[in-house]
Amino acid sequence: MNSNQHLRFFLALILCAGVSVSTLAQTQSAPNAERLRQHVVYLASDALEGRRTGTAGANDAAHYIAGEFSQIGLRPAFQTIRNPRNRAEARSNYRQKFPYIAGVKLGSGNELSYGAETGAVTNLRAGEDWSPVGFSPNTRVEKKQAVFVGYGITAPELNHDDYAGGIVSGKIAIAFSGTPDNDNPHDRFARYKDERWKAIAAHNAGASALVLIVRAEKFQDSHLSRLRYDNSAGASALPVAAVSRGVAQALLGGSSLADLEDDARSGKERASNGRKSFLTLSTVLVREETPAFNIVGVLDGSDPVLKKEAIIIGAHYDHLGMGGEGSLVPGKTAVHHGADDNASGVAGLLELARSFSAKRVRPKRTIIFIAFSGEEEGLLGSSYYVNNPVMPLANTVAMINMDMIGRAKDKKLVIGGVGTAQDWRTLINDAQLAQSVVVDAGNPAAHALSNMPMVVGANGRTVVSSNRSEQMILTLNEDGFGPSDHSSFYAKQIPVLFFWTGTHNDYHKPSDTADKINYEDEVKILQLVARIVRDVSASDKRPTYTLAKSAASSGRAGGFRVYLGTVPNYSDSNDGLLLDGVREDSPAAAAGLKPGDKIVKLAGRDIRNVYDYTAALGEMKAGEEYEVEVVRGAERLKLKIKPAARN
C-alpha cells in the first residue's frame with residue numbers, strides 16, 4: 001500500500017468512527033496563532049533588550065522558556081536542585097550551563113611606552129591614549145623596534161604585501177586600521193579589513209606585536225577603543241594594541257600621518273621619518289565569564305523500548321542584544337528585537353511542546369525540546385550539547401531545527417537537510433499531502449475551495465478532499481550543514497531537518513519586530529513539523545542516516561577561491577581548529593581528514609583558531625598540494641591536501 005492509499009484508508013476509518021475534521025482540527029492541542037503571537041511579543045520586547053547571550057535579557061528569556069516547559073509538563077533534563085523549594089529553583093533544573101565570556105576589561109599592568117633604544121621613555125595612558133584590542137593575549141614585548149607597514153595587509157591574489165622583504169621580523173608592526181579603499185563601496189580589500197586578519201598577517205610575517213592606528217580623530221570615538229571578545233575565535237597569536245592618531249605620530253618619529261596614508265593608498269613605499277622608536281608593550285585583559293544556558297525539557301516516550309531513543313526539536317533563543325557584533329546597522333545602539341530571528345522558532349518550539357504534551361496518546365519515542373543560546377556567536381550552545389547530551393547521541397534518531405520560520409511569503413518554506421536521511425523525502429511528501437486534507441461529513445461548504453475530491457459519499461457529496469491552498473510551497477535542500485544549530489548534530493552523523501522561511505530586509509536589524517510575523521503561516525509550518533515528528537516517532541525503524549550532497553560554495557568561509565570541505569567547530573580555541581565534520585567527496589576527505597581532528601598547521605601556517613585557518617585558506621590555490629598537520633587523539637599526523645576551485 002503506497003502512502004496516498006494509506007492516508008485515504010486512515011481517513012476512511014476516521015469517518016466510520018464518526019469523527020469530523022472540525023473536531024480534529026480544533027482540538028486544544030493544535031498549534032495556535034494567538035499563542036505564538038504572545039510568545040514572540042514577549043521574547044522580542046524591549047524589556048529583553050535583544051537577548052544577547054550572557055545578558056540579563058537572555059537570562060530572562062531562558063527563565064521564561066523554562067517556566068513554559070514546566071507549565072506544559074515537560075520533565076526537567078537536569079536535577080541540579082533535587083528538591084526545589086520554589087518555582088525559580090524548579091526552573092533551574094531545565095538549564096544546561098555552558099562556558100561563555102561576556103566581555104573583557106582592562107587588567108592591571110597594561111603598558112605602552114616608547115623611546116630610543118637607550119635613555120628616557122614616554123609612558124602612555126591605557127584607556128585614553130591607547131588600549132589593547134579585545135582579542136589580544138596577556139603577554140609582554142619589551143624594547144622592540146617599531147616599523148611602519150602601511151595598512152598591514154597581505155593579499156596574494158591582489159599582488160599586495162605590506163610585509164614584503166621581511167621588514168618586521170622580530171619587530172613591532174605599526175599599521176593603519178581599515179584598508180586603502182576605506183570609503184569605496186566596492187573595496188577590493190574588504191575581507192582584510194577586520195583587525196584579526198591584520199594580526200594574522202603580522203604574525204605570519206614574524207612580527208612580535210601589532211599596533212593599529214585608529215581612523216577617528218578622537219581615540220574614544222573609535223570602535224577599537226571599546227573592548228570586545230569573540231567566543232568563536234579566542235586570543236590572537238601576538239599582542240595587538242590600538243593607539244590614537246596623536247600617539248601614532250609620536251611613535252613614528254613625527255612623520256605626517258596624512259602623507260603616510262596618501263602613500264599607503266597609492267602603493268608608494270615610504271619609511272617613517274625621524275628617530276627610531278623602540279616600544280615596550282604589555283597587554284593585560286580580564287575576561288569576564290558569565291552564565292549562559294541551553295534550556296532542555298523532556299517528553300518521555302510511551303513505548304517501553306522506543307522511549308530509549310530520542311527526537312530533538314530545537315530553536316535558538318539568543319539574538320544580537322543592543323547591536324554591535326553581527327548587526328547590519330553598524331554603529332547604532334538599539335534593541336535588536338529578533339522577532340523572526342529567532343523568537344519565531346522558540347515560539348514554535350513551545351507550541352509543539354504544548355501540543356505533544358497535551359495529547360492523550362504520547363509519542364512512542366522520547367522528544368527532547370531544546371532552546372539553544374550562543375547560536376549567533378558560533379553555534380556555542382548546540383556545540384556544547386552534542387558533547388554533553390541528555391541522552392546518548394547514539395540513541396538520538398533525528399534533530400529538527402527551526403530558525404526564522406516567521407516571515408513566510410507566498411507560503412514559501414525552505415527545508416534543509418533532506419539528504420541526511422533516506423526517509424526524509426517520503427515523510428515530507430506524506431506530511432504535505434496530509435496538510436491539504438479537508439474532512440467534514442456534515443459541512444459541504446468545507447470543500448468549496450478544494451480542488452481534488454478524495455472520498456465521495458453514497459449521495460455523491462464530497463466528504464474528503466484535498467485543498468492545495470493549505471500547503472506550503474517547499475524548496476528542499478540536501479545539505480545537512482548550514483549556519484544554524486542543526487549543523488552541530490549533523491556533524492555527529494545524526495539526520496537533521498532545518499525549517500526556514502528565508503531572509504528579509506529586517507534581518508539582524510532593530511526592525512525585526514513582532515508585528516511583522518506571519519503567525520497564520522507559522523501555524524501551518526508547525527503542523528507540517530508535527531506530522532513529520534509523529535511519523536518518525538511512530539515508526540519502528542529510525543531514519544537512515546546518509547551523507548548529504550553539498551555545494552562547494554556553502555558554509556561560513558564564503559568568498560575564498562578554494563574549497564576544502566571541512567566543517568569547523570566555532571567554539572573558543574587557541575590550540576588548533578577542531579573539525580566537527582568533513583564533507584563527502586571533498587578534498588579534506590581525500591586527504592584523510594576526519595571529524596574530531598584538530599588542524600594545527602596548514603600550508604606552512606600555524607593554526608590556533610578559525611581566523612588562522614581562514615587566513616591560510618585565503619592564500620591557497622586550487623590544484624596545488626599543501627601539507628596539513630592534525631592532532632588525532634594522541635597522534636600528530638601530516639597529511640597532503642589539494643584544494644578544489646570554489647564554484
Side-chain angles (χ1 to χ4, degrees), residues 104 106 110-114 124-139 141 144-155 160-163 167-168 171-183 187 189-230 233 235-253 255 257-258 260-261 263-265 270 272 277 279-285 325 330 611 615:
V104 290
L106 292 175
N110 283 286
E111 179 187 347
L112 178 57
S113 60
Y114 68 96
L124 302 168
R125 298 163 297 180
E128 296 182 41
D129 300 320
W130 76 283
S131 174
V133 175
F135 56 78
S136 180
N138 291 340
T139 189
V141 175
K144 297 288 185 180
Q145 184 182 346
V147 178
F148 175 66
V149 293
Y151 283 90
I153 291 172
T154 299
H160 182 100
D161 187 1
D162 287 326
Y163 293 98
I167 58 174
V168 298
K171 301 173 184 177
I172 294 178
I174 300 180
F176 288 115
S177 62
T179 77
D181 295 344
N182 262 322
D183 300 317
D187 188 350
F189 295 103
R191 57 178 277 205
Y192 300 102
K193 186 175 185 178
D194 189 276
E195 292 77 29
R196 279 192 176 268
W197 303 130
K198 293 177 181 285
I200 290 167
H203 174 65
N204 289 342
S208 298
L210 173 65
V211 173
L212 294 169
I213 306 168
V214 304
R215 293 191 71 200
E217 289 300 324
K218 292 183 179 179
F219 181 64
Q220 282 70 24
D221 291 341
S222 170
H223 72 281
L224 290 173
S225 70
R226 296 180 287 276
L227 295 172
R228 61 182 180 86
Y229 187 80
D230 182 352
S236 60
L238 81 177
V240 183
V243 298
S244 69
R245 297 181 71 82
V247 165
Q249 193 149 320
L251 296 182
L252 295 172
S255 300
L257 293 189
L260 289 174
E261 283 181 302
D263 290 344
R265 289 193 185 104
R270 180 189 181 98
S272 58
S277 290
L279 275 57
T280 292
L281 174 62
S282 180
T283 54
V284 184
L285 295 169
E325 188 72 18
Y611 282 91

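When reading the values below, keep in mind they use all heavy atoms of this one structure, side chains included, and skip hydrogens, waters and symmetry mates.
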For Asp161, check side-chain hydrogen bond (donor to acceptor under 3.5 Å, both in side chains) against everything at least two apart and list the hits.
-> Thr154
Tell me, please, which residues at least two apart from Tyr163 pass side-chain hydrogen bond (donor to acceptor under 3.5 Å, both in side chains).
-> none
Rounded distance (nearest 0.5 Å) linking atom CG of Leu251 with atom CD1 of Ile174 = 5.0 Å
CG on Leu224 to CD1 on Ile213, rounded to 0.5 Å | 11.5 Å
Inter- and intrachain pairs under salt bridge (charged side-chain N to carboxylate O under 4.0 Å, His left out), touching residues 197-215, at least two apart | Asp183-Arg215
Salt bridge (charged side-chain N to carboxylate O under 4.0 Å, His left out): which pairs involve residues 219-229, sequence neighbours left out?
-> Arg228-Glu325
For Thr280, which residues count as a side chain to side chain contact (heavy atoms under 4.5 Å, CB included) partner, sequence neighbours excluded?
-> Glu111, Ser113, Arg140, Glu142, Lys143
Residues which pass side chain to side chain contact (heavy atoms under 4.5 Å, CB included) with Val104, listed by chain and number, not counting sequence neighbours | Leu227, Tyr229, Arg287
With sequence neighbours excluded, residues passing ring-ring contact (aromatic ring centres under 6.0 Å, His included) with Phe176 | Phe148, Tyr151
Mind checking what makes ring-ring contact (aromatic ring centres under 6.0 Å, His included) contact with Phe189, not counting sequence neighbours?
-> His160
Would you say the side-chain atoms of Ser277 pair up with the backbone N or O of Ala146, donor to acceptor, closer than 3.5 Å?
-> no
If only atom types and distance count, is the side chain of Thr283 paired as donor or acceptor with the main-chain N or O of Pro137 below 3.5 Å?
-> yes
Give every donor-acceptor pair under 3.5 Å between a side-chain atom in residues 235-249 and any protein atom, sequence neighbours left out.
residue: Ser236; atom: OG; partner: Phe135; partner atom: O; Å: 3.4
residue: Ser236; atom: OG; partner: Leu238; partner atom: O; Å: 2.7
residue: Ser244; atom: OG; partner: Val247; partner atom: N; Å: 3.2
residue: Arg245; atom: NH1; partner: Val214; partner atom: O; Å: 3.2
residue: Arg245; atom: NH2; partner: Glu261; partner atom: OE1; Å: 2.8

Which atom pairs, one a donor and one an acceptor, fall under 3.5 Å between side chains of residues 125-133 and the rest of the protein, sequence neighbours left out?
residue: Arg125; atom: NE; partner: Asp129; partner atom: OD2; Å: 3.0
residue: Arg125; atom: NH1; partner: Glu128; partner atom: OE1; Å: 3.4
residue: Arg125; atom: NH2; partner: Asp129; partner atom: OD1; Å: 3.0
residue: Asp129; atom: OD2; partner: Arg125; partner atom: N; Å: 3.0

Check Ala173 against Val149 and note the closest heavy-atom contact, atom names and distance.
-> CB-CG2, 4.0 Å
Name all residues meeting the salt bridge (charged side-chain N to carboxylate O under 4.0 Å, His left out) criterion together with Asp187; count only those two or more places apart in sequence or in a different chain, and write none if there are none.
-> none
